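Data first, discussion second: the structure below is written as structure tokens.
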Amino acid sequence: MDQKLTLPGRPRLSAAGLAWPAILFIVSAGASAWLSYNRTPALRSFLYILLAAGLFFAIANSPVRLQRRAAWALLVLAAAFSLSWTLTHDFAADPGEFGWINSLGSWLNAALPVKAGPTLHPNVAAGTLLVSLPFGALFAWGAAAQRKAGPFALAAGASAVILLGLLLTDSRGAWAGLGAAGLLAGLAAVQRRWFASRAAKGRFWAALLTLALLLAALLARLGYLDRLTGEIPDPGGSMQPRSALWREGLGLARDYFFTGAGLDTFSLNHAAYSILTHVPFTAHSHNAFIEVWVEQGLVGAAALLWGTIVAAGWAWKALDRQDVPGLAWAGLAALCAAGVHGMVEVVFY
């Protein structure tokens, strides 16, 4: 039977609590596009948001057969994009932080007769590749279990190509997102296997959350959090921790607390009011939540937080169920990886 994929709870994915947060986010984005001093890029960004929401709800309302095809298409297109980005990115002109990755990329530039051309920023490329990997793992695992050599070769080969591209992007945020998704998947498997009752489940995750908060506090106390989140260039020509930019972004958010500054306005507002120059220096805030709050105000930030809570609720309910489809788990893993990546970069927004 060609049924529709459902996530935990009674309603379907399209109505599982995300409709109103999405509507609120879109309304906020539309108002921010109208408020923006630079209407053309703002309206373009608003159009992207509309298209993304439309694509999400269209896929969410599709039968499982079409959803699997969409996931396969994402995987294959991501593999093709990985090859294209790797072969056209100029690693000498745009080096990363790790010398051996730059050496490998430069060797590829010299060995393969592909002319370098326009390419996405490595962090943007990494975010695009990142969300496809859980589906590659799902399809490779399923094909191996069913002993289907063709689908296994396609899924495993595409995933390997995507992993190579992800490695060459030199994006620590993307790797952190992938690692976080893998870690949470492993912990979920442990909890479902040995802590299945609701009381045991609550104690298990409460203990893990407490340990995570204590570890974060210890790292902050010792000064390691800034090292882990990485550094970015500052206007003086040196490097600054991401947390410094986040503090400046929060200052801008307070200035435009309710309305936001408008879509596509972070760069110039940050230059004018944070580093006191008329020349834009930093393209974005390196944190998706701060970026949304600066540009879309309190309503946009609240909608994003609301949607995040809804997604967390899906995962919490899924831990009690045995009939959650693999495609739903892969989607949640991709969402988790993108969310962690969004804590240090602004990719999809």
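For the numbers below, each heavy atom of this structure counts, side chains included, while hydrogens, waters and symmetry mates do not. Please read all numbers here as calculations on a predicted model, not as lab measurements.
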| Expected output: side-chain Q191 to main-chain F195 donor-acceptor under 3.5 Å | yes
| task | With the side chain counted from C-beta on, respond yes when E248 and H270 share a heavy-atom pair under 4.5 Å apart, and no when they do not. | result | yes
Could you tabulate the donor-acceptor pairs under 3.5 Å formed by side-chain atoms of residues 42-51, not counting sequence neighbours?
{"from": "S45", "atom 1": "OG", "to": "P41", "atom 2": "O", "distance (Å)": "3.1"}
{"from": "S45", "atom 1": "OG", "to": "D264", "atom 2": "OD2", "distance (Å)": "2.3"}

Using residues 73-82 as the side-chain source, report each donor-acceptor pair under 3.5 Å to any protein atom, sequence neighbours left out, with the distance given to one decimal.
{"from": "S82", "atom 1": "OG", "to": "V161", "atom 2": "O", "distance (Å)": "2.8"}
{"from": "S82", "atom 1": "OG", "to": "G165", "atom 2": "N", "distance (Å)": "3.4"}

| query | Do the side chains of E295 and Y349 get nearer than 4.5 Å, heavy atoms only? | reply | yes
| Got a second to check how far L166's CG is from L130's CG, nearest 0.5 Å? | 6.5 Å
| task | Any chance you could lay out the side-chain contact (heavy atoms from CB on, under 4.5 Å) test for L154 and W72, step after step, and finish with the verdict? | result | CA-CA 10 Å; L154 178 59; W72 270 110; 3.6 Å; yes
| query | Between the side chains of Q296 and S32, does any donor sit under 3.5 Å from an acceptor? | reply | no
| task | Working to the nearest 0.5 Å, report the span between CG of L222 and CG of L219. | result | 7.0 Å
| Atom pair CD (E291) and CZ (F266), whose distance is rounded to the nearest 0.5 Å | 5.5 Å
| task | For H286 and E345, test the side chains for any donor-to-acceptor distance below 3.5 angstrom and give the result as yes or no. | result | yes
| field | Whether over 12 other heavy atoms sit under 6.0 Å from W107 CH2 | value | no
In a table with atom names and distances, give each donor-acceptor pair under 3.5 Å that connects a side chain of residues 135-148 to protein atoms at least two apart or in another chain.
{"from": "Q146", "atom 1": "OE1", "to": "K148", "atom 2": "NZ", "distance (Å)": "3.0"}

| Side chain S28, main chain L24, donor-acceptor under 3.5 Å | no
| Any donor-acceptor N/O pair, S274 side chain to A271 backbone, under 3.5 Å | no
| note | Separation between CZ (F204) and CG (L319), nearest 0.5 Å, reads 9.5 Å
| task | Return the minimal non-hydrogen interatomic distance between A71 and L327, and the atom names on each side. | result | CB-CD1, 4.0 Å
| query | Any salt bridge between R242 and D226, counting N to O under 4.0 Å? | reply | no
| Any side-chain heavy-atom pair of T169 and H89 under 4.5 Å | no
| field | Residues L18, W314; criterion side-chain contact (heavy atoms from CB on, under 4.5 Å); working and verdict | value | CA-CA 11 Å; L18 264 190; W314 293 345; 3.4 Å; yes
| Do the side chain of W246 and the main chain of I290 share a donor and acceptor less than 3.5 angstrom apart? | no
| query | Looking at CD1 of I275 and CG of D234, how far apart are the two atoms once the value is rounded to the nearest 0.5 Å? | reply | 9.0 Å
| From N269 CG over to S285 OG, what is the distance, rounded to the nearest 0.5 angstrom? | 12.5 Å
| task | May I ask you to decide if R321's main-chain N or O and R192's side chain share a donor-acceptor pair within less than 3.5 Å? | result | yes
| query | Heavy-atom distance under 4.5 Å between the side chains of Y256 and T265, does that happen here? | reply | no
| message | Checking the side chain of S36 only, and the main-chain atoms of R39 only, is there a donor and an acceptor separated by less than 3.5 Å? | response | no
| Looking only at heavy atoms, what is the nearest atom pair of F289 and A301, with distance? | CE1-O, 3.5 Å
| said: With heavy-atom distances below 4.5 Å as the criterion, would you say the side chains of F348 and V124 are in contact? | reply: no
| task | Could you tell me whether the side chain of K201 and the main chain of W316 form a donor-acceptor pair under 3.5 Å? | result | yes
| F25 to G300 - nearest heavy-atom pair and separation | CD1-O, 3.7 Å
| field | Hphob cluster co-occupancy, L263 + Y37, side-chain heavy atoms under 4.5 angstrom | value | no
